[in-house]
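Below: one structure, written as structure tokens.
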Amino acid sequence: MEIKVLQKVLAANDRVADENRGMFDANKITVINLMSSPGSGKTTLLDKTIEALKGELKIAVIEGDIQTTMDAERLSRHDVPIVQINTAAIGGDCHLDAAMISSALHDLKIEGLDLIFVENVGNLVCPAEFEIGEHFKAVVISVTEGEDKPLKYPLMFQVCKWAVISKTDLLSVLDFDIEKLRVYMKQVNPKLEVFELSARSGAGFDAWLDHIREAVRAKKQG
Ligand code: MG
Ligand code: ZN
């Protein structure tokens, strides 16, 4: 019984997600959904990414958080439009869904935008199940976490097109086995494109930025 109910919820969500995607496509906007555990560095990644790209692309951010506006405040220095979704106000959901994105779009002037980043709620489980109308799902995992995360949360790594291994500047002081992580990622999703980077040192950042530029360019032409 419960399974049927969940399927209904997800099917209804997918319809709204398709509407969102239709609106993004009509405006030739690329939408990237960033997901991770709490503390993996999504906001820091976004901060550096926006800093690097805001001169060449019109960017907006939709910030998901259960309770606070702290991440949105950190990003506000960039003067890009930011819409905050606090899920506590709507039942404390530990993920964003398509309806939340749809209502956030009422507060965002999307005409003229090139790129929207969605920072999902920090959680490796249910955000993977909810389409929001994005074009790219990216999971961020830091080298301060366990190498076995892809095996423990396979759905997240299966639904994502991109994976970012963050905080690589810390590798020299940790016993983290990055090769093991890569093997586990490929095991659950052979097609996953993996980026290794440090927002602090800037190492590996260019490949990440180029991928985003390419995605935006393809959407503009498509
Ligand atoms: Mg954050
Ligand atoms: Zn949830």
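The first residue in the sequence is number 1, and the count goes up from there. For ligands, and for the atoms within them, numbers begin at 1 and follow the listed sequence. All figures in this text were calculated on a predicted structure; none of them were measured in a lab.
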Legend entry - Apex the Zn ion (ligand 2); atoms Cys94 SG and Cys126 SG; angle rounded to 10 degrees: 100°
Legend entry - Short side-chain donor-acceptor distance under 3.5 Å, Thr43 and Glu119: yes
Inset, instruction - Report, as yes or no, whether the 6.0 Å neighbourhood of atom CG on Asp175 holds more than 12 heavy atoms from other residues, nucleotides or ligands. - result: no
Inset, instruction - Considering just N/O/S atoms, say which atom of Glu119 is closest to the Mg ion (ligand 1). - result: OE2
Inset, instruction - Please find the N/O/S atom of Asp71 nearest to the Mg ion (ligand 1) and write down its name. - result: OD2
Legend entry - Proximal heteroatom of His95 relative to the Zn ion (ligand 2) (N/O/S): ND1
Legend entry - Metal proximity, Met70 vs the Mg ion (ligand 1), N/O/S cut-off 2.8 Å: no
Inset, instruction - Measure from the side-chain N and O atoms of Asp97 to the backbone N and O of Ala99, and report whether any donor-acceptor pair falls under 3.5 Å. - result: yes
Legend entry - Exam field: side chain Ser166 to backbone Ser40, donor-acceptor pair closer than 3.5 Å: yes
Legend entry - Option passing side-chain hydrogen bond (donor to acceptor under 3.5 Å, both in side chains) with Glu134 (candidates Asn33, Asn20, Asn120): Asn33
